[in-house]
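Input: a single structure, listed below in structure tokens.
Every chain is numbered from 1 and lettered A, B, ... according to where its sequence line falls, protein lines coming before strand lines. Nothing here was measured: the structure is a model prediction, and the numbers come from that model.
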2 protein chains.
Amino acid sequence: MKARKYHHGDLKNALLRAGIDILEEEGLPGLSLRAIAAKAGVSHAAPRNHFDGLNGLLAAIAAEGYRRHKAYMQEGITPESSRPEQLAAAMHGYVRFARENPALFALMFSPVRGTLRDPDLTAAARESYAVLKGIAERIDWDKASGPDAALRTEMMLWSFVHGYAHLYASQEAGTARCGGIAPPDVATVIPGFSYID
Amino acid sequence: MKARKYHHGDLKNALLRAGIDILEEEGLPGLSLRAIAAKAGVSHAAPRNHFDGLNGLLAAIAAEGYRRHKAYMQEGITPESSRPEQLAAAMHGYVRFARENPALFALMFSPVRGTLRDPDLTAAARESYAVLKGIAERIDWDKASGPDAALRTEMMLWSFVHGYAHLYASQEAGTARCGGIAPPDVATVIPGFSYID
DNA sequence: CCGAGTTGTTTCCACTGTCTACATTCTGCT
DNA sequence: AGCAGAATGTAGACAGTGGAAACAACTCGG
């Protein structure tokens, strides 16, 4: 770590961190290319050398968000965890991530500034989705039978937990929509599944 | 409809229609104050007389979206409809709205340009939510018991259908997340409810 | 008929993202 | 070692944005 270098050395990650910091502090509206560059102590055109414009930078931040999202879901899951424990941990992690990182969650699942297209982003999203998918594969849900039963269970699971997280994440908007009542804990609303193993 | 008046006469509604048109044609990114004003044939500062800046206009558009959303859910429901028919119609309407108006759906449920605060908007959102809530009240769901059973069922219902609509609305992003498989029909994934009446 | 309020225009400002030309540093080849 | 060229960062210009203020045109009640 030299005192002052013309070349930053690790500007790419510095920009990512600066972006996430601003996201947490000021939310989505404050997330401008110039603000991020300034926070990283660099001129406003410098990010161009590492990302494809603002959209590229936002996509990279969203990808990092998906990695943390996945980590939240996996937290508390050990090899000894039973299936119901795994499911509960993943769903709680999903919702907890949305609550603790509302702006990041919004960036990840919102059509902000056009569609973010980035191979790394879609890969990270797929990996986070795979956590739920992996758990859903071993679930036997009463109404799900036939060839695409696994897909339907997985869809059901994702839809529910995502809708719930969305509702829970934006507390003020959510409670306004729900008539001012705080939503109950996710585990108490979870559908009745049974497990294959 | 006089040929040309200095005063538009119905600029407020003209701006709303212009905004929704642009939303359908170009999506959220194209929805700028100046573009809307231009489409309504008026200078970019004119909307200020009818809305509280861009956010106010977006809030009004979102409120109109919630009214249409409600209409979608109520479509096909007659006084003779059975409860299961009502539930299926409302959920299909919810998803159909998201599919046929993806940009409007995104505006309604996304934290676009800061939080939209408007009494008319929250009222319209509440009314659309009330459709599902009204149906949920008569549902008996096996895992829902106790004092807040109705609330939990209602949350469960809203969470699921919203998450599903969100997943289904943005087809490309959705299928990317699901591993390239198109999600199945909402009615085949719907949880097993029984009805009180 | 006229003054006040409403509605729309014009002009300016700060800010944004992107582009181009240029400066500096690093890397690899001879 | 030395030097060409790539990589990285800077400076400035540009078109676009939303907002604010001063001004103009129209409407309407006394």
Side-chain angles (χ1 to χ4, degrees), chain A residues 1-19 22-23 25-62 103 107 110-118, chain B residues 1-19 22-23 25-62 103 107 110-118:
Chain A
M1 293 265 191
K2 309 217 179 99
R4 174 161 297 275
K5 320 198 301 183
Y6 185 87
H7 288 71
H8 185 288
D10 190 27
L11 185 53
K12 189 164 186 172
N13 290 100
L15 288 170
L16 281 178
R17 274 184 279 112
I22 293 179
L23 204 50
E25 291 163 10
E26 309 177 31
L28 254 172
L31 199 63
S32 76
L33 190 74
R34 293 171 117 100
I36 299 174
K39 185 143 197 157
V42 100
S43 88
H44 74 277
R48 264 278 153 150
N49 292 317
H50 301 276
F51 301 98
D52 184 18
L54 176 61
N55 279 331
L57 181 46
L58 293 185
I61 292 176
L107 172 64
S110 283
V112 185
R113 260 195 64 83
T115 324
L116 305 176
R117 304 187 170 284
D118 182 77
Chain B
M1 294 263 190
K2 309 221 179 96
R4 174 164 297 274
K5 319 197 304 184
Y6 184 86
H7 287 72
H8 186 288
D10 190 28
L11 184 56
K12 188 163 186 173
N13 290 99
L15 287 170
L16 280 177
R17 272 183 282 113
I22 293 180
L23 204 49
E25 292 164 9
E26 309 177 32
L28 255 171
L31 200 63
S32 77
L33 191 73
R34 293 174 115 101
I36 299 175
K39 185 144 197 156
V42 99
S43 85
H44 81 275
R48 266 266 147 166
N49 293 315
H50 302 276
F51 301 97
D52 183 19
L54 176 62
N55 279 331
L57 182 46
L58 294 184
I61 293 176
L107 172 62
S110 283
V112 183
R113 263 195 61 82
T115 325
L116 306 176
R117 304 189 171 281
D118 183 75

Interatomic distance, A/H50 NE2 vs D/dA6 P [rounded to whole Å]: 18 Å
Separation of D/dA20 C1' from B/L54 CG (nearest whole Å): 15 Å
Of the listed nucleotides C/dG17, D/dT17, C/dT7, the one nearest the side chain of B/S32: D/dT17
Of the listed nucleotides C/dT9, D/dT8, C/dT11, the one nearest the side chain of B/A46: C/dT9
Rounded distance (Å) that lies between atom C1' of C/dG17 and atom CG of A/L58: 11 Å
Least distance between heavy atoms, B/S43 atom then B/P47 atom: O-CD, 3.5 Å
Length of the line joining B/I36:CD1 and D/dG16:P, which is rounded to integer Å: 17 Å
Interatomic distance, A/N55 atom CG to A/D118 atom CG [nearest 0.5 angstrom]: 10.5 Å
Phosphate OP1/OP2 of C/dG8 contacted by B/R48 side-chain N/O (<4.0 Å): no
Shortest non-hydrogen separation from A/L11 to A/A46 and the atoms involved: CD2-CB, 4.1 Å
Worked verdict on A/R117 versus A/D52 for side-chain contact (heavy atoms from CB on, under 4.5 Å): CA-CA 11 Å; A/R117 304 187 170 284; A/D52 184 18; over 6 Å; no
Shortest side-chain distance from B/V42, nucleotide among C/dT7, D/dG19, C/dT9: C/dT9
B/R34 side-chain proximity, nearest of D/dG18, C/dT7, C/dG17: D/dG18
Euclidean distance, atom CG of residue A/L33 to atom P of D/dG9 [Å, nearest integer]: 14 Å
Residue A/H44, side-chain heavy atoms: nucleotide from C/dG8, D/dG12, D/dT8 that is nearest: D/dG12
Minimum-distance nucleotide to B/A45 side chain [options: C/dC19, C/dG8, D/dA20]: D/dA20
Neighbour count >12 (heavy atoms, 6.0 Å) for atom NZ, B/K39: yes
Below 4.0 Å: OP1/OP2 of D/dA11 and any side-chain N or O of A/S43: no
Rounded distance (Å) that lies between atom P of D/dG16 and atom CD of B/E26: 14 Å
Whole-Å distance separating the CG atom of B/L57 from the P atom of D/dT17: 14 Å
Whole-Å gap separating P (C/dA23) and CG (A/N49): 17 Å
